[in-house]
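Residue numbers begin at 1 in each chain, while the letters A, B, ... track the order of the sequences.
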Amino acid sequence: MSEDLLVQIENLQFDYGGKPVLRGIDMRIPKGKVVAIMGGSGCGKTTLLRCIGGQLRPTAGKVRVHGAVVNEMRQAEVYALRRRMGMLFQFGALFTDLSVFDNVAFPLREHTDLPEALIQNLVLMKLEAVGLRGARDLMPNSLSGGMARRVALARAVALDPALIMYDEPFTGLDPISLGVIGQLIRRLNDALGATSIMVTHDIQESLVIVDYIYFISDGKVVAEGAPEDIRHSEDPFVRQFVHAEADGPVPFHMPAPPFAEDLGVAAARGAAHV
Amino acid sequence: MNRTTLDLWVGFFVAIGIGALLFLALKVGSFAGVQMDESYILKARFDNIGGLKVRGPVKSAGVVVGRVAEIRFDAAAYEAEVLMKIDARYVFPKDTFASIYTSGLLGDQYIGLEPGGEEEKLAADGTIFKTQSAVVLEKMVSQFLFNKAAEGQETQP
Amino acid sequence: MFNPVELLRHLGAGVVERVWRLGVASRFFVALLLRSGTALRRYPLTLREIWFSGVLSLIIILVSGLFVGLVLGLQGYEILQRYGSAEALGTMVALSLLRELGPVVAGLLFASRAGSAITAEIGLMKATEQLTAMDMMAVDPVARVVAPRFWGGVISMPLLAALFSTMGIFGGWLIGVVFIGVDDGAFWSQMQASVDFRYDILNGVLKSAVFGVAVSLIAVFEGYDSAPTAEGVSRAITRTVVTSALAILALDFVLTSFMFRELS
């Protein structure tokens, strides 16, 4: 059973400056699947990804990748593990001083001693997979948001990783680019035989491409299931999220004293004219 | 900026930078302080060294032959003891005369060595006994005025 | 409203904050030195940074050096000729530049031209998650991004200071000899007689090297430590220029009092 799990998270807790961000998360991510982690802004989704990548050390709990506990590794071991991980950042995070080609070639040049001719073939292959072979000589600042995201995706898979992580891959994209990225995530995952973890709050796109969804709220997993179950879920939190309702378990109002009090209505009524 | 032009620029920059250092070293500065590979120490005692400074030049016949290495006060004799680093190529007779001169009216002070006629030479760490102190300008001026005043009194009946 | 307790608390917090940052910066410096292997082994990385902080600062350094030299020539001549020693102009120009103005002014210019650019570059890479991305690709950003920029600055600074002094002396010569008519031979020979290689020139180079280390360290640290937002980066740039200027002037005083102690 546990052999086909790539990532296993047990009772993960994380405090940021004494304030709990994650309060006991359990997740099991099987090999070969695309899993989405959803939740409102600032619920700790990105923190969770950082913990899996070993960039943040959790306060308590364990993150296992390939059965090894990431948060107990030394720096060199973390780096060895990361060579088999790819990550796509929110806005691509392309190196602005390198061309598209050099960006995709970066991991290959840093981690392998391959001859330049071979690197060229590999890079063109990856760029072809995201449909941007023609953009190889452009600089990142002349790419559109969607194109930058695709180049970053090509870079993330340059070393054929076993695990690909996506941090808000759909943010700020037009509907067409959004669909393109969604399809690429699914296609690349299946073509490379990789496993994907995607942090997002774009529910409609995720329902189409993922195999399993976790909902996080207030640092805890509040709901989970395959897309079919999620669509028909009666859980109020999931319903609010799927149907984009303004008010529900996630309140519209930030906690505040009664409105009348803030306006001074109560005070004015009690006191005489000043 | 492609790689070869970048290299060219960096090469140009480093070359003119080193060129500037060389210019400063050769054209602007002098190696006088470093040039003395081998040297030996001579001592001399003065009643008054005036404004003589460490690293000041030691000259003989106007040529720099060494530098002042150290100046200390001899508390027993109430004299100044000056240690001079002399270029090992030059040796001086035992009866060499050391005086403190001023270059120009307000210039730096230096030690002048005037060799005597004796056969025996000064060894390393040797001491020069015949010395003349610095001329202190204030003393000279007051002496001059004092003499003038005295002259004036004598001529009056 | 004036509240002395609140004011004291504010001051205390400010002091603690600064000491804290100094500690972090020191730890960063050690980490930077330990991870400098990559920057030296893959020297093209450092070469690019010499281009970035050295070659791109050339124009401002050369032009400023020339103007400082011209001013020194004019002022120096005006003062020296009152005492009838205009021939000492070369000495005055050369000594002021080599001992003080060269390293200090070149250092200040370097901080505002190259230092701020380094902070901006690293801060922007941080704000756009490029550093995090690099770290996730198992490439150490301190070794790959920070160390080459630091060493590029350290190598460039003494060369820039020497160029500044050279241009300044040329400017002084231009004013003194070409325009005013001080004797050419006296200008150079007086200069050579009183400028000592080890005492004046090497000490000046040493000063500029120390300033280079200080400014480069401040620049990379402020960039690496900046808040990852547009506002955070712009504040970090301001801090780089201000802190570098203070560091240069304070270090200059300390170094000068060590180097030229016997004169006082």
Any ion pair linking B:D125 and B:K43 (charged N to carboxylate O, less than 4.0 Å)?
no
Side-chain ion pair, B:K94 and B:E118, N-O less than 4.0 Å:
no
Interchain contact, [X] with chain B, by part (heavy-atom threshold 4.5 Å):
{"X": "C:I169", "result": "side chain"}
{"X": "C:I155", "result": "neither"}
{"X": "C:L47", "result": "both"}

Exercise. Taking the side chain as C-beta and beyond, is there a heavy-atom pair between B:V68 and B:V58 under 4.5 Å?
Worked result: yes
Hey, does B:T131 have a side-chain heavy atom less than 4.5 Å from the side chain of B:F97? no
Counting heavy-atom pairs under 4.5 Å with chain B, the top scorer among C:S85, C:S165, C:A161, C:S156 is C:S156
